[in-house]
Amino acid sequence: MTRARDDLLRAARFERPALIPMRYSINASCWHHYPQEALLDLQEAHPLLFPGFQRLREPVVPRLEPWQRAGRPYWDGWGCVWQTTDDGITGAVTGHPLERWAGWEEYRAPDPSADFGWGPIDWAAEEAALGRARAAGQLVSGGLRHGHTFMTLADIRGYTNLLCDMADDEPRLGRLIAMVEEFNLAIVQRYLGLGVEWMSYPEDLGMQHGPMLSPAQFRRYIAPSYRRLMDPARAAGCVIHMHSDGDIRALAADLLSDGVEVLNLQDLVNGLDWIADTLAGRVCIDLDVDRQSVTRFGSPAQIDALLRGEVTRLGRREGGLMMVYGLYPGTPIENAWAVADAMERYASHFA
């Protein structure tokens, strides 16, 4: 077992990790927005965040998914049209296959034996990759695609149409939800059959202020699917991880009742005081470090103070805290370094 895997599982289960798990993700778009040498230097200087890093002589050419390629509309397995303006940044859906219900009777889900929802998946290759992770003592994890339920429904129907469907009690909506859930459950069962120990359910539910749907709408239309998708993984002994960007304070109690064990949420959008008072000790907090204000516009000293304060407020000797930062274009490189420095500095800082 690697220390990283051990710490993740111990933090999630409140079993006294040796270090607070810290993850630092460099978005693919960064490789053409920053000098590549600066990003390579950053990785080389932070072995805790980038274990096993080996510097390459050739330029880094990140692998881009079709929905991350600028200038090319992409149709996913649900028939949604994705477009982006910057290579590496996941696009937005600009075409909704059921914007009108006219085509409903002929509408079909993608085949989960060959399609992940966003595009093709090779399950044999996935099994081999999970086998390699297991042999190396790494975390053996699976998960649904980002936006697996609510966001998929919004992509298929259009956001405004979806909320109107909920308000109008549209009878076809229940059938569409069932179709999406059946597809998702097949993906979950595939991963469980491959012996994963960690299942992720990433889906943005929040806006800058408040959720994208009311708590009543979430409880009626979305939460039942969440429970049915998480129950088999929980029964198999998997850690249940949920990600959502945005302000999800109004939905947090429902998410925990659905069985979420590790909740990845944004720090400043939801508020550190609220997170500490409401979630600390009840669920493992996977804290998404600010990308909007302090790390973007603050000084390195302010960044250090932010992370030190978060670890001091939320870190516990028994566990229950992990942190993740995503670097995107626009953040000064010195601030990118300051985040990495602070994450390594405070990984051993328990309250």
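Using a 4.0 Å cut-off between charged side-chain N and carboxylate O, D231 and R234 make a salt bridge. Under 4.0 Å is where a charged nitrogen must lie from a carboxylate oxygen, and between D273 and R313 at least one such pair does. Classification of R291 and D288 as a salt-bridged pair holds, one side-chain N sitting under 4.0 Å from a carboxylate O.
Note: the hydrophobic cluster containing V324 does not contain M322 (ILVMFWY, side chain heavy atoms under 4.5 Å, direct or indirect links). Follow the hydrophobic side-chain contacts under 4.5 Å out from I121 and you reach L185 in the same cluster.
In this structure Y191 satisfies the ring-ring contact (aromatic ring centres under 6.0 Å, His included) test together with W123, sequence neighbours excluded. Here Y325 pairs with Y24 under the ring-ring contact (aromatic ring centres under 6.0 Å, His included) rule; sequence neighbours left out. Legend: residues meeting ring-ring contact (aromatic ring centres under 6.0 Å, His included) with Y159, ordered by chain and number and at least two apart, are absent. For R55, the side chain to side chain contact (heavy atoms under 4.5 Å, CB included) criterion is met by E37, L40, D41, E44, F53, not counting sequence neighbours. The ring-ring contact (aromatic ring centres under 6.0 Å, His included) search around W274 returns none, not counting sequence neighbours. In terms of the side chain to side chain contact (heavy atoms under 4.5 Å, CB included) criterion, residue partners of S214 (sequence neighbours excluded) are, by chain and number, A216, Q217.
With values rounded to the nearest 0.5 angstrom, L153 atom CG is found 10.5 Å from E181 atom CD. Summarising the geometry, atom CG belonging to L251 is positioned 11.0 Å from atom CG belonging to L256; distances are rounded to the nearest 0.5 Å. To the nearest 0.5 angstrom, L268 atom CG is 8.5 Å from L287 atom CG. How far OG1 of T149 is from OH of Y221: 15.5 Å, rounded to the nearest 0.5 Å. In this structure, the separation between CG on N184 and OG1 on T152 is 6.5 Å, given to the nearest 0.5 Å. Distance check: E203 CD to D245 CG gives 11.5 Å after rounding to the nearest 0.5 Å.
Residue pairs satisfying the salt bridge (Lys or Arg N to Asp or Glu O under 4.0 Å) criterion with at least one member in residues 17-31, sequence neighbours excluded, are listed as follows: R23-D286. Applying the salt bridge (Lys or Arg N to Asp or Glu O under 4.0 Å) definition to pairs two or more places apart or across chains, those involving residues 187-199 are R5-E197. Screening residues 76-87 for salt bridge (Lys or Arg N to Asp or Glu O under 4.0 Å) gives no qualifying pairs among residues at least two apart or on separate chains. The list of side chain to side chain donor-acceptor pair (under 3.5 Å) pairs with a residue in residues 326-343, not counting sequence neighbours, reads H46-D341. Listed by first and then second residue, the salt bridge (Lys or Arg N to Asp or Glu O under 4.0 Å) pairs that reach into residues 132-154 come to none, sequence neighbours excluded. Sorted by first and then second residue, the side chain to side chain donor-acceptor pair (under 3.5 Å) pairs involving residues 90-107 (not counting sequence neighbours) are Q83-T94.
Here the shortest heavy-atom pairing between D115 and G77 reads OD2-CA, 3.7 Å. The minimum heavy-atom distance linking L327 with C30 is given by the pair O-SG, 3.2 Å.
Ring orientation note: the planes of Y74 and W67 are tilted relative to one another, at an angle of 30° to 60°.
Proximity of a side-chain donor or acceptor of R227 to a complementary backbone N or O of D258 within less than 3.5 Å is not detected. Side-chain atoms of T295 come within 3.5 Å of backbone N or O of D290 as a donor-acceptor pair. At distances below 3.5 Å, not a single donor-acceptor pair connects side-chain atoms of E261 with backbone N or O atoms of A12. Under a 3.5 Å cut-off, the side chain of S29 and the backbone N or O of I89 do not form any donor-acceptor pair. D111 places a side-chain N or O within donor-acceptor distance of the main-chain N or O of S113, the cut-off being under 3.5 Å.
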Practice problem: Please test V188 against H148 for side-chain contact (heavy atoms from CB on, under 4.5 Å), starting from the C-alpha separation and ending with a verdict. | Solution: CA-CA 11 Å; V188 170; H148 53 85; over 6 Å; no

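The side-chain heavy atoms of V283 and L255, taken from C-beta on, include no pair separated by under 4.5 Å. Side-chain contact between E310 and V289: present, with at least one pair of heavy atoms (C-beta onward) separated by less than 4.5 Å. Contact of the V260 side chain with the H241 side chain is not registered, since no non-hydrogen atoms from C-beta on lie closer than 4.5 Å. For the pair D254/Y226, no side-chain contact is recorded, criterion being any heavy-atom separation below 4.5 Å from C-beta on.
Checked by atom type, the side-chain pair Q292/Q208 shows a donor-acceptor distance below 3.5 Å.
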